[in-house]
Asker: 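A single structure is presented below for examination.
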Amino acid sequence: MPTPTSPAVLLVIDVQKAIDAAYHAAVGPRNNPGAEQNIARLLAQWRHNGWPIIHIRHDSTFATSAYRPGQEGNQFKREVTPGPGEAILAKRTNSAFIGTALEQHLRERAPGAALVVVGVSTNNSVEATVRMAGNLGFRTLLVGDACFTFARRDYHGRLRTADEVHSMSLANLDGEYCEVVDTASVLANLLPARHG
């Protein structure tokens, strides 16, 4: 876990207005309604510490995608709007490492730093990015309550709630590609202990 003396990189994945498009919840609603608030809390602490923040923006190449550039959905959500000097990397696939300078950016500007991942969707771009981060040798922490996803049907057609999809994705990743943590534990390790 990062400490007040060991900086970490906060990687915010695809938290754009497009994620609120109705088609994402076609078979059921999202989970973690407080995810954006948790991301905002982490952003505030990272900014206070002066630690690096990277925002990943998905620029879809599909005509029907709400993430396609040139429409409102491509814009970052208000709670996670990048601040001055914060890196923004555009991607066109699910993994933030494919077709971007993310790996080079991390190795050159934050060598040895832990990577703390938040964003959407848990079982799509977040999972794809975390798998690659682990395989590339980055120490990766995935903040489970600062991510969310949507209900979907499994391979056999059974409806799975967003919590089920989210939980299985975390289970796939934890201990092999990353360490799954929560917002409170990250902040507790970043903030100086209170006395008195």
Side-chain angles (χ1 to χ4, degrees), residues 2 8-21 23-25 28-43 46 52-60 65-67 73-74 76-77 79-80 82 86-100 102-103 105-106 113-152 154 160-183 185-186:
V9 177
L10 183 63
L11 186 66
V12 184
I13 300 175
D14 298 356
V15 188
Q16 295 157 254
K17 293 179 180 180
I19 199 62
D20 294 332
Y23 66 79
H24 291 294
R30 62 175 273 188
N31 68 324
N32 281 353
E36 290 92 340
Q37 182 180 2
N38 286 335
I39 296 169
R41 290 168 63 204
L42 292 166
L43 279 167
W46 249 256
I53 298 167
I54 302 174
H55 300 265
I56 302 299
R57 187 186 70 229
H58 187 64
D59 289 348
S60 178
S65 174
Y67 276 100
N74 188 252
F76 290 103
K77 295 189 82 171
E79 301 94 328
V80 301
E86 294 172 3
I88 301 171
L89 298 178
K91 68 176 179 63
R92 291 185 174 83
T93 66
N94 50 19
S95 173
F97 286 97
I98 299 297
T100 74
L102 178 59
E103 182 182 1
H105 185 100
L106 292 170
L115 187 61
V116 178
V117 179
V118 301
V120 294
S121 296
T122 315
N123 59 306
N124 195 326
S125 292
V126 170
E127 184 167 345
T129 300
V130 168
R131 284 177 182 271
M132 286 201 70
N135 285 332
L136 289 168
F138 292 102
R139 178 169 176 246
T140 307
L141 303 166
L142 174 57
V143 189
D145 62 352
C147 301
F148 66 89
T149 191
F150 297 87
R152 65 176 299 157
D154 68 18
R160 304 295 185 175
T161 67
D163 273 331
E164 289 175 322
V165 176
H166 179 83
S167 295
M168 184 56 72
S169 189
L170 298 185
N172 289 340
L173 298 169
D174 189 41
E176 186 165 358
Y177 300 95
C178 71
E179 176 187 351
V180 175
V181 295
D182 61 25
T183 301
S185 64
V186 173

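Worth knowing before you read on, the calculation uses all heavy atoms, side chains too, and leaves out hydrogens, waters and symmetry mates.
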Asker: Give the C-alpha distance, both sets of side-chain angles, the deciding distance and a yes or no for side chain to side chain contact (heavy atoms under 4.5 Å, CB included) between F97 and L106.
Answerer: CA-CA 11 Å; F97 286 97; L106 292 170; 4.1 Å; yes
Asker: Can a donor-acceptor pair be found, under 3.5 Å and without considering hydrogens, that links the side chain of D182 to the backbone of D145?
Answerer: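 No: the side chain of D182 does not pair with the backbone of D145.
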Asker: Given side chain to side chain contact (heavy atoms under 4.5 Å, CB included), test N31 with T161 step by step and report yes or no.
Answerer: CA-CA 8 Å; N31 68 324; T161 67; over 6 Å; no
Asker: Considering the options L142, V9, V143, which one meets the side-chain contact (heavy atoms from CB on, under 4.5 Å) requirement together with V117?
Answerer: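 Result: among L142, V9, V143, L142 is the only option passing the side-chain contact (heavy atoms from CB on, under 4.5 Å) with V117.
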Asker: Within a radius of less than 6.0 Å around CZ of R160, do more than 12 heavy atoms belonging to other residues, nucleotides or ligands occur?
Answerer: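 Enclosed.
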Asker: For E86 and H55, which I'm curious about, is there any donor-acceptor pair between the side chains at under 3.5 Å?
Answerer: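 On atom types as modelled, these side chains qualify, holding a pair under 3.5 Å.
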Asker: Tell me the closest heavy-atom pair linking G119 and I39, and the distance in Å.
Answerer: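 Smallest interatomic distance, heavy atoms only, reads N-CD1, 4.2 Å.
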Asker: Quick check: closest heavy atoms across A21 and A66, and the distance to 0.1 Å?
Answerer: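 It is CB-CB, 3.8 Å.
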Asker: Does N135 use its side chain to pair, donor to acceptor, with the backbone of R131 at less than 3.5 Å?
Answerer: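 Checked: pair present.
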Asker: Between the side chains of T129 and K91, is a donor N or O closer than 3.5 angstrom to an acceptor N or O?
Answerer: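 Short answer, no.
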Asker: Of N38, L141, V181, which is the lone residue that meets side-chain contact (heavy atoms from CB on, under 4.5 Å) with V186?
Answerer: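 Output: one option passes, namely V181.
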Asker: Do you know which two heavy atoms are closest between A40 and E79, and how far apart they sit?
Answerer: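 Scanning both residues, the minimum pair turns out to be CB-O, 3.8 Å.
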Asker: Please examine the side chains of N123 and M168, heavy atoms only from C-beta on, and report whether any two atoms are closer than 4.5 Å.
Answerer: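 Side-chain contact under 4.5 Å: no.
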Asker: Please report the C-alpha distance between H105 and T100 in whole Å, then the side-chain angles of each, then the deciding distance to 0.1 Å, and finally whether the side chain to side chain contact (heavy atoms under 4.5 Å, CB included) criterion is met.
Answerer: CA-CA 9 Å; H105 185 100; T100 74; over 6 Å; no
Asker: Measure up the H24 and Y67 rings against each other and bin them: parallel (under 30°), tilted (30 to 60°), perpendicular (over 60°).
Answerer: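 Geometry flag for Y67 against H24: perpendicular rings.
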Asker: May I have the step-by-step check of side chain to side chain contact (heavy atoms under 4.5 Å, CB included) for L173 and T140, ending in yes or no?
Answerer: CA-CA 10 Å; L173 298 169; T140 307; over 6 Å; no
Asker: Counting distance only, does the side-chain N/O of S169 pair as donor-acceptor with the main-chain N or O of T122 below 3.5 Å?
Answerer: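 Checked: pair present.
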Asker: With distance as the sole test, does N94 use its side chain to make a donor-acceptor pair with the main-chain N or O of N124 at under 3.5 Å?
Answerer: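 Judged by distance alone, no pair lies under 3.5 Å.
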Asker: Tell me whether the count of non-hydrogen atoms from other residues, nucleotides or ligands lying under 6.0 Å of CD in Q37 goes above 12.
Answerer: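 At most 12 heavy atoms, drawn from other residues, nucleotides or ligands, come within 6.0 Å of this atom.
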Asker: Give a yes or no answer on whether the side chain of N32 reaches the backbone of G144 with a donor-acceptor pair at less than 3.5 Å.
Answerer: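 Confirmed, N32 side chain pairs with G144 backbone.
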Asker: Check A8 against W46 and note the closest heavy-atom contact, atom names and distance.
Answerer: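 Distance-wise, the nearest heavy atoms are O-NE1, 2.8 Å.
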Asker: Of the options V118, I19, V15, which is the one that meets F148 in a side-chain contact (heavy atoms from CB on, under 4.5 Å)?
Answerer: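 Result: among V118, I19, V15, I19 is the only option passing the side-chain contact (heavy atoms from CB on, under 4.5 Å) with F148.
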Asker: Answer whether the closest heavy-atom distance between the side chains of F138 and M132 falls below 4.5 Å.
Answerer: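 F138 does not reach M132 side chain to side chain.
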